[in-house]
Each structure stands twice: as structure tokens, then as C-alpha cells.
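Hydrogens, waters and symmetry mates play no part in the numbers below; they use all other heavy atoms, side chains included.
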Amino acid sequence: MKLSECPVRAAAAVIEGKWKPMIVNALKAKPLRFGQLLRALAEATRKVATEQLRELECEGIISRTAFGNRWERVEYSLTGYGRTLVPVLTLMADWGVKHQRRKSRLGARAVEHRISQQQDDSQVEEPA
């Protein structure tokens, strides 16, 4: 199968980007104004958030509604099509939590193993 034919790749392409999944997650409850979205994405820069919002809009995942002048008040919301991503991202989030726990457990075991190894090494006498 070619990469361009892979359905998983097609889905990943829509949500790839540091903030896109978080944008969809923030909008699942209700529409938000740009400032509210920025607060939900506390570490995102204004520029990157704007770029990713535009990309999601081009994909038909979110809609942008301007009230008054062009920039006076802009509200973002998930489209019906965008809502179909919510269960996918929920499953990914559940898997991510399990994965983080697993990594944490494995990391703790690795540290315990290194400490045990160091103790074993320190008990071995060096030849004179």
C-alpha cells in the first residue's frame, strides 16, 4: 500500500500539529472566541494557533463565524463533520493515559534496575 492510500495516514494528516487535537477537544463542549481558545491552549503562540485553526477550517473540521467587523468578535465551533473526530480523539486520549502510565512504570523499573546494578558493581572488589 502506498503512503498516500493509507487511511490511518489520511486521518493523522488532519489532526497532525501540536495544537489541533487540543483545539478540537476545547471546542467539543461549546463554541469559543479566539481569546478563550488561546487561554485553553496556554502554551500556544497566537501565530501557531491561528495557522492551525485555519488548517482545521480548510479541512471542514471547524467553522469560523465573525460578528461585527472582521476581527471584532470571531467564534470557532466544531462542524458536524468535526464532531465525528471527538470519539476518535477520546480513544486516543484513553490510550495516551495508559501509555504514560506504562512508560512511568517502565521508567521506575529501569531506575530501580540501574540502582541495583550500581550496588552490585560497588560490592565487587577491584583486583589489586
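- Across every non-hydrogen atom of L27 and R83, the tightest pair is O-NH2, 4.2 Å.
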I'd like to know whether V48 forms a side chain to side chain contact (heavy atoms under 4.5 Å, CB included) with K18, so could you lay out the CA-CA distance, the side-chain angles of the two residues, the decisive distance to 0.1 Å, and finally the verdict.
CA-CA 9 Å; V48 172; K18 192 171 186 176; 5.8 Å; no

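- The side-chain heavy atoms of V74 and T65, taken from C-beta on, include no pair separated by under 4.5 Å.
- Using a 3.5 Å distance cut-off with no hydrogens or angles, the side chains of S77 and S63 do pair a donor with an acceptor.
- Residues T45 and L38 share a closest heavy-atom pair of O-CD2, 4.3 Å.
- E59 contributes atom CD, which lies 11.0 Å from atom OG1 of T79 (distance to the nearest 0.5 angstrom).
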Hey, can you pull the donor-acceptor pairs under 3.5 Å for the side chains in residues 91-104, sequence neighbours left out?
none

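- Shortest non-hydrogen contact noted between R33 and Q36 is N-OE1, 2.7 Å.
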Please test E16 against R9 for side chain to side chain contact (heavy atoms under 4.5 Å, CB included), starting from the C-alpha separation and ending with a verdict.
CA-CA 10 Å; E16 77 182 345; R9 183 67 207 131; 3.0 Å; yes

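- Nearest heavy-atom pair, I15 versus K20, reported as atom, atom and distance to 0.1 Å: O-CB, 3.7 Å.
- Taking CD of E43 as the start and CH2 of W19 as the end, the distance is 5.0 Å to the nearest 0.5 Å.
- Shortest non-hydrogen contact noted between L56 and V14 is CD2-O, 4.0 Å.
- Shown here are the salt bridge (charged side-chain N to carboxylate O under 4.0 Å, His left out) partners of R39, two or more places apart in sequence or in another chain: there are none.
- Here OG1 of T50 is found 11.0 Å from CD of E55. Values are rounded to the nearest 0.5 Å.
- How far CG of L85 is from CG of N25: 11.5 Å, rounded to the nearest 0.5 Å.
- Scanning for salt bridge (charged side-chain N to carboxylate O under 4.0 Å, His left out) contacts around K47 gives E51, with sequence neighbours left out.
- Considering only heavy atoms from C-beta on, F34 comes within 4.5 Å of R46 through its side chain.
- Distance OH/Y76 to CG/L32: 11.5 Å, rounded to 0.5 Å.
- L41 contributes atom CG, which lies 9.0 Å from atom CD of Q52 (distance to the nearest 0.5 angstrom).
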